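Take a look at the structure below.
Small disclaimer: the values here were computed from a predicted structure and weren't measured. We use all heavy atoms of the structure for the numbers below, so side chains are in, but hydrogens, waters and symmetry mates are not. Both counts, for ligands and for their atoms, begin at 1 and track the order of listing.
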Amino acid sequence: MIPSLKTLITIPAAALLCAAAAAQTPPALLHTENGRPVRSARQWERQRRPEILRMLSTEVYGVAPDTRAEARYETIEEGIALGGTATRRQVRITLRAAGMERSADMLLYIPVGAEEPVPVIFGLNFNGNHATTSDPAVIVAGKSGSPERAPRGGNARRWPYAEAVARGYAVATICKDDFYPDRRDGYEQSVLPMLYAGSGIPDSVRMKAVGAWSWGISRAIDCLETMPEIDTRRIMVIGHSRLGKTSLWAAATDRRIAVAVSNDSGSTGAALARGKQGETVEKINASFPYWFTDNYKRYNGREEQMPFDQHMLLALVAPRPLYVASASRDDWADPRNEMRAAQMCGAVYSLYGLRPLTWQEDGLPAVNTPFIGGDVAYHLREGGHDIVLYDWERFMDFADKYFR
Ligand code: GCU
């Protein structure tokens with residue numbers, strides 16, 4: 001309701017300031033839609049969590065159809081790699097539904113000589129498997145697979161396979177574009193036409209690229225489940241930036257993911273939208289209209305009216321361990337709002353008797369000071385928008401707490 005001129009005049013300035021601050025307060029995590037307080041993990045699971053999941057599906061990431069794509073897995077290459085410390089495997093995943101077919105190529109490095117199945121780190125990549133490593137045996141494939149567009153090893157810095165394998169982790173990756181080419185006209189080549197065929201789901205709530213990528217992560221996990229060397233009860237899914245948004249939604253929708261990592265995911269990822277610096281809802285929808293639902297555009301410039309905010313996305317990961325990482329010069333993503341959401345989602349972890357983020361101050365912590373003592377972790381790496389060895393090492397330190 002808009003206050004009348006008279007009430008505006010009579011409201012003391014302090015009260016107005018208070019109202020402005022209240023307007024920036026994200027919607028309550030622990031109140032149901034009909035206003036009842038949520039006091040137990042059971043109530044969260046049975047009532048509040050499904051409400052939030054539904055809301056974030058219809059308003060932001062998209063409603064997934066029930067369609068079950070038939071999957072076929074074919075090992076197209078296997079060999080010894082990383083100086084004899086790992087088996088490299090390349091698997092083509094072919095998915096079929098509604099008479100259509102799409103394929104995605106997974107690259108894995110699996111530590112050799114492990115006595116039992118190993119934990120796995122899965123992450124989608126930006127520019128093709130061949131761009132994640134200079135290993136010449138990695139096939140240049142996938143829809144982004146042209147060496148001109150993405151040179152071999154061009155993103156290798158972001159994929160410290162040898163270090164992860166040395167710590168006992170298998171690492172697996174697929175190019176995001178295999179599930180949805182990351183461009184405005186990517187729809188036809190994406191997995192969505194085969195998934196939505198005949199579904200009757202209205203256009204306004206359909207998944208787009210980020211939904212399709214998250215769905216792809218679940219299909220990658222299906223495939224990992226067929227590999228005896230991999231322990232799929234110990235899966236950590238990581239993602240940087242747009243793929244951090246994606247890893248969070250994947251963890252929200254697929255409970256096989258045991259640990260979730262968001263690196264510099266920013267807008268519509270880990271960062272609260274209210275009071276956000278850098279990229280706003282309107283900006284992300286303008287640059288990337290094909291990432292989120294059509295419904296999400298209704299909130300352009302209207303963050304204050306959203307019945308949700310990103311702390312809710314993080315809360316959907318509970319009770320599974322969650323790591324939110326930011327970088328000190330990444331104003332576009334907004335480290336402060338990423339950290340605040342990570343702090344706020346702790347209320348749900350507490351319901352499970354788990355530990356929220358141990359950094360609970362107002363301002364950001366010092367750079368390169370990881371807070372991994374709780375079940376929600378956070379660090380602010382010094383530097384810009386990127387994912388580097390420092391980040392990976394902290395994520396593995398955190399995963400070690402649960403996987404060892
Ligand atoms: C753009 C976009 C961000 C995204 C980033 C990335 O900067 O605005 O939302 O996270 O790309 O994926 O690197």
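Between Tyr299 and Phe308, a ring centre-to-centre spacing shorter than 6.0 Å is recorded. Aromatic rings of Trp213 and Trp249 (six-membered ring for Trp) have centroids beyond the 6.0 Å cut-off, not under it.
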Ligand 1 N/O to protein N/O, distances under 3.5 Å:
unit_1	atom_1	unit_2	atom_2	d
ligand 1	7 (O)	Trp332	NE1	3.2
ligand 1	8 (O)	Glu279	OE1	3.0
ligand 1	8 (O)	Glu279	OE2	2.6
ligand 1	8 (O)	Trp332	NE1	2.9
ligand 1	9 (O)	Lys245	NZ	2.9
ligand 1	9 (O)	Glu279	OE1	2.6
ligand 1	9 (O)	Glu279	OE2	3.4
ligand 1	10 (O)	Ser241	OG	2.5
ligand 1	10 (O)	Arg242	N	3.3
ligand 1	10 (O)	Lys245	NZ	3.1
ligand 1	11 (O)	Arg242	NH2	3.0
ligand 1	12 (O)	Ser241	OG	2.8
ligand 1	12 (O)	Arg242	N	2.9
ligand 1	12 (O)	Arg242	NE	2.5
ligand 1	12 (O)	Arg242	NH2	3.4
ligand 1	13 (O)	Ser241	OG	2.7
ligand 1	13 (O)	His385	NE2	3.2

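In this structure, CD on Glu303 lies 10.5 Å from CD on Gln310, to the nearest 0.5 angstrom.
Between the side chains of Asp375 and Tyr402, at least one donor-acceptor pair of N or O atoms lies under 3.5 Å. Side-chain contact annotation: His130 with Asp135, donor-acceptor N/O pair under 3.5 Å absent.
In terms of the salt bridge (charged side-chain N to carboxylate O under 4.0 Å, His left out) criterion, Asp331 has no residue partners (sequence neighbours excluded).
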